[in-house]
Amino acid sequence: MVVKHLSLIMSRAYSNHIEKQKNIADAAKRLFLKNGYTETGMDSVAAEAGVTKQTVYRYFQSKEALFEHIIREISDERMNYSFGRSGVLEELTRFGVYFISEHLKPEKLEFFRLMISESGKGSVFGKIFCQERQDVRKQPLTGYFRDRLGMDNCQMLADMYCSMLLSMRTRILMGGRDVPDDGQIADHAQLTAEIFINGLLSLKV
């Protein structure tokens, strides 16, 4: 009975911890997008979250750690992708639709814009940007190239393919077009897969 009671207390304490951490992160997220990273201080995060500054530091040791937590949080689903057993064109197209769609989610676009706009104001953005460029969403693709297709230089090829896919995001970030619909994303993913596959085949000739 005592063990069960202690278990309930620990479970409740953990739930409270997670809830307070999320409250602080959500408050910081709003302020970062509204005011920018540089202009957002931990005092203002505490006020927005309705907690003390000491509480914020209890959960996040620095503003950089808080921002990195948010970036990880909005990318939590990135390990969920699995390749199937269909043909290469179909598999790469399907991955492309997933990859593009994830990167074009409004919140991710807003944070990517923030990282670009403030990248020259401090080293934190250079590091986080590099981490974002090494996004683990590429890992399933790297494994597919290596294990299913027996390719060398798998990481380089994955980087190249993902860069081709994200050319659609670049145009949006530059204000050259609106966010595409599902059909446009699918068309872009298929065309990219066709060009990429043909390029690989030409290298083997």
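Every heavy atom of this structure was used, including side-chain atoms; hydrogens, water molecules and symmetry mates were not.
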- prompt: Has the side chain of Thr55 got a donor or acceptor atom that lies under 3.5 Å from a matching backbone atom of Val51?
  reply: no
Closest non-hydrogen atoms of Cys162 and Phe95, given as atom of the first, atom of the second and distance, are SG-CE2, 4.2 Å
Okay, side chain of Thr170, backbone of Leu166: is any donor-acceptor separation there less than 3.5 Å?
yes
_Flag, side chain of Glu102 to backbone of Phe99, donor-acceptor distance under 3.5 Å_ = no
Treating Ser44 as the side-chain partner and Thr40 as the backbone partner, does any N or O pair qualify as donor plus acceptor under 3.5 Å?
no
Item to check | Side-chain donor or acceptor of Asn153 paired with backbone N/O of Met156 under 3.5 Å | outcome: no
Given side chains that start at C-beta, do those of Val179 and Lys105 come closer than 4.5 Å, heavy atoms only?
no
Rounded to the nearest 0.5 angstrom, the OG1-CD1 distance for Thr93 and Ile185 is 13.5 Å
Arg169 vs Ile100 side-chain heavy atoms within contact, under 4.5 Å = no
The reported gap from CE in Met42 to CG in Leu31 (rounded to nearest 0.5 angstrom) is 11.5 Å
Take Phe67 and Leu114 through the test side chain to side chain contact (heavy atoms under 4.5 Å, CB included) and record every step on the way to the result. CA-CA 11 Å; Phe67 189 83; Leu114 173 62; 3.8 Å; yes
Taking the side chain from Tyr59 and the backbone from Ile24, do they hold a donor-acceptor pair closer than 3.5 Å? no
Discussion item. Between Asp26 and Arg30, does any NZ, NE, NH1 or NH2 come within less than 4.0 Å of an OD or OE carboxylate oxygen?
Written reply: no
All heavy atoms of Gly96 vs all of Ala189, minimum pair found to be C-CB, 3.8 Å
Item to complete: For residues Phe196 and Phe145, establish whether the separation of their ring centroids is below 6.0 Å.
Response: yes
CE (Met160) and CG (Leu200) are apart, to the nearest 0.5 Å, by 8.5 Å
Does any non-hydrogen side-chain atom of Val97 lie less than 4.5 Å from one of Ser101? yes
Separation between CD (Glu110) and CG (Leu33), nearest 0.5 Å, reads 6.0 Å
> Can you find a pair of side-chain heavy atoms, one from Thr192 and one from Ser167, that are under 4.5 Å apart?
Replying inline: no
Counting N and O atoms only, with roles assigned by atom type, does the side chain of Asn198 sit under 3.5 Å from a partner on the main chain of Glu194, one being a donor and the other an acceptor? yes
task = Answer whether the closest heavy-atom distance between the side chains of Lys29 and Glu107 falls below 4.5 Å.
result = yes
Note: Gln184 and Met168 closest approach over all heavy atoms is O-CE, 3.7 Å
Is it true that Arg94 and Glu91 have a side-chain N and a carboxylate O under 4.0 angstrom from each other?
yes
Next item on the list: Please check if the side chain of His103 supplies one atom and the backbone of Leu109 the other of a donor-acceptor pair under 3.5 Å.
Entry: no
Heavy-atom nearest pair, Ala25 first then Ile70, reads O-CD1, 3.7 Å
Rounded to the nearest 0.5 Å, the NE2 atom of His188 sits from the CG atom of Leu165 at a distance of 5.5 Å
Separation between CD (Gln190) and CD1 (Ile195), nearest 0.5 Å, reads 11.0 Å
- Begin with the C-alpha distance, continue with both residues' side-chain angles, and end with the deciding distance and a verdict on side-chain hydrogen bond (donor to acceptor under 3.5 Å, both in side chains) for Asn23 and Glu19. CA-CA 6 Å; Asn23 179 47; Glu19 183 178 350; over 6 Å; no
Checklist line | Ring-face cation contact, Phe83 with Arg148, 6.0 Å cut, 45° max | finding: no
* Counting N and O atoms only, with roles assigned by atom type, does the side chain of Lys63 sit under 3.5 Å from a partner on the main chain of Tyr37, one being a donor and the other an acceptor? -> yes
Within the supplied structure, the quantity of interest is the number of heavy atoms (other residues, nucleotides, ligands) at a distance under 6.0 Å from Asp182 CG; does it exceed 12?
no
Tyr144 vs Ser82, test: side chain to side chain contact (heavy atoms under 4.5 Å, CB included). Steps then yes/no.
CA-CA 9 Å; Tyr144 180 76; Ser82 297; over 6 Å; no
task: Evaluate the side-chain proximity of Ile172 to Asp178: yes if any heavy-atom separation is below 4.5 Å, no if none is.
output: no
**Request:** May I ask you to decide if Leu92's main-chain N or O and Tyr161's side chain share a donor-acceptor pair within less than 3.5 Å?
**Result:** yes
